[in-house]
Chemist: 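Would you mind keeping the following structure in view while I ask a few things?
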Amino acid sequence: MLRVRCLRGGSRGAEAAHLIGAMLGRSVTGWVQRAFQSTSSAAAAQPHDAVDHVTELVEQECPVCSHNEWDPLEEVIVGRAENAHVPPFTVEVKANTYEKHWSFYMKHGGQSFPADHLKKAVAEIEEMCNILRHEGVNVRRPEPIDWSMEYKTPDFTSPGMYAAMPRDILLVVGNEIIEAPMAWRARFFEYRAYRPLIKEYFRNGAKWTTAPKPTMADELYDLDYPIRTVEDRHKLAAEGKFVTTEHEPCFDAADFIRAGRDIFVQRSQVTNYMGIEWMRRHLAPDYKVHTISFKDPNPMHIDATFNIIGPGLVLSNPDRPCHQVDMFQKAGWTIVKPPTPVIPDDHPLWMSSKWLSMNVLMLDEKRVMVDANEGTIQKMFESLGIKTVKVNIRHANSLGGGFHCWTTDVRRRGTLQSYFH
C-alpha cells in the first residue's frame with residue numbers, strides 16, 4: 001500500500017507536535033500543541049536530528065489519498081437517498097431544470113420525493129454498496145438527516161434537500177478534502193451529513209479545507225434570468241450568462257475533474273469564475289486548474305459531459321462538444337464519444353439528462369461501474385478492454401446523478417503524476 005506522509009507546511013516544531021499528538025492520542029493532542037506553541041523558540045533550538053527522529057517515528061498512512069479518476073479504488077463515500085426532499089422552485093433551481101419538470105417542482109418543492117420512487121432508490125444504492133464491497137472497496141456513508149427542517153440565515157429561508165451526491169460537495173485532491181461552498185440555497189447545510197466522516201479523516205492525518213461559504217443573498221443570483229426554451233439556454237450560455245453572478249465565490253465540486261497535476265473545470269450555473277479563481281490560487285503551485293467550456297445549454301457538473309476515465313483517455317459527450325478539444329488532441333489524449341443513452345423518455349429524470357449513462361465510476365483502469373440497462377455503452381467499454389461491473393440505479397438516477405455523482409473516492413492507490421503536456 002502507498003504510504004503517504006500527511007505533512008504540509010508549518011514549522012518543524014509544530015509539525016512534530018502534530019505528529020506526537022497523533023501518536024499519543026486525542027486526549028493529549030491539545031496539550032502537546034500548546035506546549036510547542038508556548039516554547040517555539042526552545043523547539044527551534046532543538047537538534048534537528050531529534051525532531052527528525054520524532055517525525056520518522058510516527059509516519060503513518062493517510063486515510064485520504066486520491067490523485068485522479070482511475071487509480072485502483074480502495075475507499076469511497078456513497079451518498080444516501082433516505083429523507084431526500086425536492087428543493088423549492090427558486091431561481092437557481094429553475095435555471096438548472098427543464099420546463100417539462102417545472103410543474104413537479106411547483107407541486108412538490110419542500111416535500112419528500114415520491115415515497116415509492118424513493119424506496120426503490122434507497123434499495124438500489126444499498127445494492128450498489130454491496131457490489132462495491134464485493135469488488136474490494138471500503139464503503140463509507142454520510143449521516144442520515146431530516147432534510148424537511150427549515151432553516152433561516154440573515155439572507156434567506158429554505159428547507160434542506162439531501163446527502164445523495166457526495167461528488168457535488170466533496171473534492172479530494174491528494175491528501176486534502178475540500179468542502180465546496182455550493183450554490184443552491186437548499187444545499188447550504190448539506191455538509192453537516194459529511195462532517196463526522198471528515199472529522200474522522202482529519203484526526204487520522206488528512207488535510208481538511210472548507211471553501212468560503214457564500215451568503216447566498218439575492219445578489220448571488222440573476223433574479224430575472226430569462227429562460228424558457230432550450231434555445232434561450234443555448235443563447236445565454238453562448239453569451240456567458242448564468243443564473244449565478246460574480247457577487248461572491250461559489251462552486252460545486254462536481255464541476256471539477258482530476259487528472260493528476262491538472263484539474264479541469266467549467267463555468268456553470270453553480271460554479272462561477274470567482275469560485276474557480278479561489279480554487280486555482282488555493283491549489284497553486286502544485287496543481288494547474290484549466291477552465292474549459294462546452295456547447296451546453298444547461299451547464300451543471302462536468303462529469304456527464306467530460307469524464308476522464310484513464311491516463312489520456314476521456315469520454316466526451318457528443319451532444320456537448322468541448323470548445324477546447326484541440327488542446328487535448330495535441331496532448332495526445334484519446335477522445336471517446338459514448339453512444340446515445342437508451343433510457344426511456346418516460347422515465348423521470350427530475351434533475352439531470354439521459355447522459356448519466358456516461359457518468360461512470362472507474363474502479364481501476366480496467367474496471368468500470370456502469371448502468372446495467374445501458375448495453376451500448378457496456379459494449380463501448382469492452383471494446384476499450386475495460387471490464388464492466390453492471391449495476392442498476394435507474395430510480396436513483398432520478399435524484400440527479402449516476403455512479404460518479406453518487407460517490408466521492410476517498411482513497412485510490414497511486415502517485416501524483418502529470419498526464420497533460
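Please read these numbers as outputs of a predicted model, since none were measured by experiment. The basis for the numbers below is simple: all heavy atoms, side chains too, and nothing from hydrogens, waters or symmetry mates.
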Chemist: Tell me whether the NZ or CZ atom of K199 lies within the 45° cone about the ring axis of W208 and under 6.0 Å from its centre.
Modeler: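 No cation-pi geometry.
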Chemist: Quick one: ring-ring contact (aromatic ring centres under 6.0 Å, His included) partners of H108, sequence neighbours excluded?
Modeler: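 By the ring-ring contact (aromatic ring centres under 6.0 Å, His included) rule, H108 matches F104.
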Chemist: Can you sort out the partners of F306 under ring-ring contact (aromatic ring centres under 6.0 Å, His included), two or more places apart, ordered by chain and number?
Modeler: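 Result, ring-ring contact (aromatic ring centres under 6.0 Å, His included) vs F306: F294, F328.
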Chemist: So, D319 and K354, do they make that salt bridge, N to O below 4.0 Å?
Modeler: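 So D319 does not pair with K354 through a salt bridge.
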Chemist: Does E179 come within less than 4.0 Å of K213, counting only side-chain N to carboxylate O?
Modeler: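 Answer for the salt bridge query: no.
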Chemist: Quick one: side-chain contact (heavy atoms from CB on, under 4.5 Å) partners of A193, sequence neighbours excluded?
Modeler: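 With neighbours one apart ignored, the set is P142, I145, W147, A163.
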Chemist: For a 4.5 angstrom cut-off between non-hydrogen side-chain atoms, does D252 reach M300?
Modeler: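 SC-SC contact between D252 and M300 confirmed.
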Chemist: Quick one, T97 and F89 - any side-chain contact, counting heavy atoms below 4.5 Å?
Modeler: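 Result yes, sub-4.5 Å side-chain heavy-atom pair found.
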Chemist: Does F189 have any side-chain contact (heavy atoms from CB on, under 4.5 Å) partners at least two apart in sequence or in another chain, and if so, which?
Modeler: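 Y151, Y191, R192.
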Chemist: Between R281 and E277, does at least one N-O distance fall below 4.0 Å, as a salt bridge requires?
Modeler: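 Yes.
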Chemist: Among residues at least two apart in sequence or on other chains, which ones pass ring-ring contact (aromatic ring centres under 6.0 Å, His included) with F156?
Modeler: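 Only F188 meet the ring-ring contact (aromatic ring centres under 6.0 Å, His included) criterion with F156.
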Chemist: Under the rule for ring-ring contact (aromatic ring centres under 6.0 Å, His included), what residues qualify as partners of Y201, not counting sequence neighbours?
Modeler: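 Counting only residues at least two positions away or on another chain, Y201 forms no ring-ring contact (aromatic ring centres under 6.0 Å, His included).
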Chemist: Using ring centroids (six-membered ring only for Trp), state whether F420 and W333 fall under 6.0 Å.
Modeler: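 Yes, ring centres under 6.0 Å apart.
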